[in-house]
Amino acid sequence: MPASANAAVSRSVAGLSGESIIKEINASGVEFVISVPDITTSEGLLRPLAKGAGPRLIRICKEDEGVAICAGLAFTGKRGVLLIQQTGLLDSINAIRGVAVEYGLPICMMVGLLEKEVGVMPRESKRYGVRIVEPILDAMGIGYHNIEEQSDVAKIRPAIDAAYKASKPTVILIGQRPTA
Amino acid sequence: MIDRKEALKAIARFVNDTDIVLPVYSTAFDWIDIRPNPLNYVSHGAMGLASSHALGLALGRPDRRVIVLDGDGSLLMNLGTLVTTAEAAPKNLYHFVMENGTYEANGGHPIPGKGSVSFAGMARSAGHKNVHEFSDLKVFEQQAGAILGDPGPTFTCLKIVSSGEQQRDYSRLHGPHVRQAFRDALGAK
């Protein structure tokens, strides 16, 4: 186990508003959210979206489906966001490799970090399944943004816009449960 | 059993210049010679995902018919797509599966469940209402036009055999020029 895993330092962070995240998604011109449920984003994001708070929700069975659905949408000029858990991200690595990275497509993934400690950066988490996420994205050459507290929400729209402008994937890591 | 090229020719007779078609692997190499068109979407990035790309295209362009020419091994890698598509229910999506019971592009090994699995049955159980299955070319030729003329989503299993040796130049499927041509033909930035 890396030394950093034992040296996790928790910092005090403010809460995170799901409503503000959905506003950013809407402001980004996203017309579809494609999702497998994730407990981190369940109440603050997915449930309001299911009630019609934003883009059309497409429920999928497995996360790699969503990578391809977002690709198809991108070719039509429509924007999608794939709302999943990091376990689904890890399960979809080959699809992300082939579709998003090698084809250079703007696949935007919003990823809830299951079991990440609030106030601890993902790379410093004591949870193996959390602390490997950023190094894997680094290895794949995929940019990512940590959304841990309210002031981070302003990163979302520029991240989505930049992904479409550059035709590259991006990952938005949700580090604590947003409030509804 | 239906010769694959003959099945594809039967489909091609009812495909127009604005339709988007997603053929996979061995079917793709036959199809792109039968219907050479930049609206053939042949870059899927990972095995099994063609029908999911198709769902995105169908949702994004409801004014176009989107036709998937899938393989049985490919569909087995992404069975959830049957449920997802049935629920999303795009009226412009037509999913054909070429069932030959083998991973033809990967050495011809048998698929799990060869001869016993029912793809049409799985589609029905997944919630698809328009499901067809054909093993006779003449019967399929008679009905192909109606299948593609009715609203989707539609699932059709074609029991086929390979049409023989192929020249498989994968740059014709995965080359960046193919995706750029598709993008240009579709007219989206």
Side-chain angles (χ1 to χ4, degrees), chain A residues 29-37 50 55-82 84 88-89 91-109 140 142 161 163-169, chain B residues 20 22 24 38-39 41-64 66 68 70 74-75 77-90 92-93 126-127 170 173-189:
Chain A
V30 171
E31 296 183 56
F32 296 89
V33 171
I34 297 95
S35 183
V36 176
R56 178 177 172 184
L57 175 64
I58 303 294
R59 299 185 192 275
I60 56 175
C61 301
K62 202 155 168 286
E63 292 82 355
D64 56 353
E65 281 183 77
V67 174
I69 292 169
C70 287
L73 284 167
F75 275 102
T76 72
K78 301 289 175 66
R79 291 187 175 189
V81 161
L82 180 57
I84 56 176
L89 177 86
D91 196 47
S92 302
I93 281 178
N94 187 51
I96 295 166
R97 183 275 311 163
V99 176
V101 179
E102 295 206 58
Y103 291 167
L105 292 175
I107 310 302
C108 298
M109 294 161 271
M140 295 179 77
I142 299 174
D161 284 343
Y164 279 90
K165 186 175 181 184
S167 202
K168 286 184 176 178
Chain B
I20 298 167
L22 298 89
V24 310
L39 286 175
Y41 184 109
V42 292
S43 302
H44 308 137
M47 188 171 175
L49 294 180
S51 55
S52 301
H53 285 273
L55 178 55
L57 291 162
L59 292 169
R61 287 300 298 264
D63 59 318
R64 302 255 183 166
V66 179
V68 190
D70 216 347
S74 292
L75 179 55
M77 285 198 178
N78 187 14
L79 283 173
T81 190
L82 295 174
V83 179
T84 301
T85 300
E87 175 164 287
N92 56 334
L93 183 57
Y170 278 94
L173 307 186
H174 302 305
H177 62 286
V178 177
R179 292 185 294 284
Q180 188 58 51
F182 177 83
R183 189 177 280 112
D184 293 343
L186 194 59
K189 292 179 182 177

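Below, read A as the first sequence line, B as the second, and so on, with proteins coming before strands; counting in each chain starts at 1. Atoms considered below: every heavy atom in the structure, side chains included; atoms not considered: hydrogens, waters and symmetry mates.
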In terms of relative ring orientation, are B:Tyr41 and A:Phe75 parallel, tilted or perpendicular, with 30° and 60° separating the classes? perpendicular
Residues A:Glu31, A:Arg56: salt bridge by 4.0 Å N-O rule: no
Using heavy-atom distances under 4.5 Å, tell me whether A:Leu105 contacts chain B through its side chain, its backbone, both, or neither. side chain
Atom pair CZ (A:Arg97) and OH (A:Tyr103), whose distance is rounded to the nearest 0.5 Å: 8.0 Å
Given the options B:Ala58, B:Ser51, B:Gly56, B:Ala46, which has more heavy-atom pairs under 4.5 Å with chain A than any of the others? B:Gly56
Whatever's closer than 4.5 Å to a heavy atom in chain B on A:Phe32 counts as side chain
From the list A:Val101, A:Ile34, A:Ile96, A:Val99, the residue making the most non-hydrogen contacts under 4.5 Å with chain B is A:Val99
Least distance between heavy atoms, A:Met109 atom then A:Pro169 atom: CE-CB, 4.1 Å
Looking at B:Gly80, B:Ala88, B:Ala50, which has the largest count of heavy-atom pairs under 4.5 Å with chain A? B:Gly80
Hey, is the main chain of B:Leu49 close enough, under 3.5 Å, to the side chain of A:Asp64 for a donor-acceptor pair? no
With a 4.5 angstrom heavy-atom cut-off, which part of A:Ile58 approaches chain B: side chain, backbone, both or neither? side chain
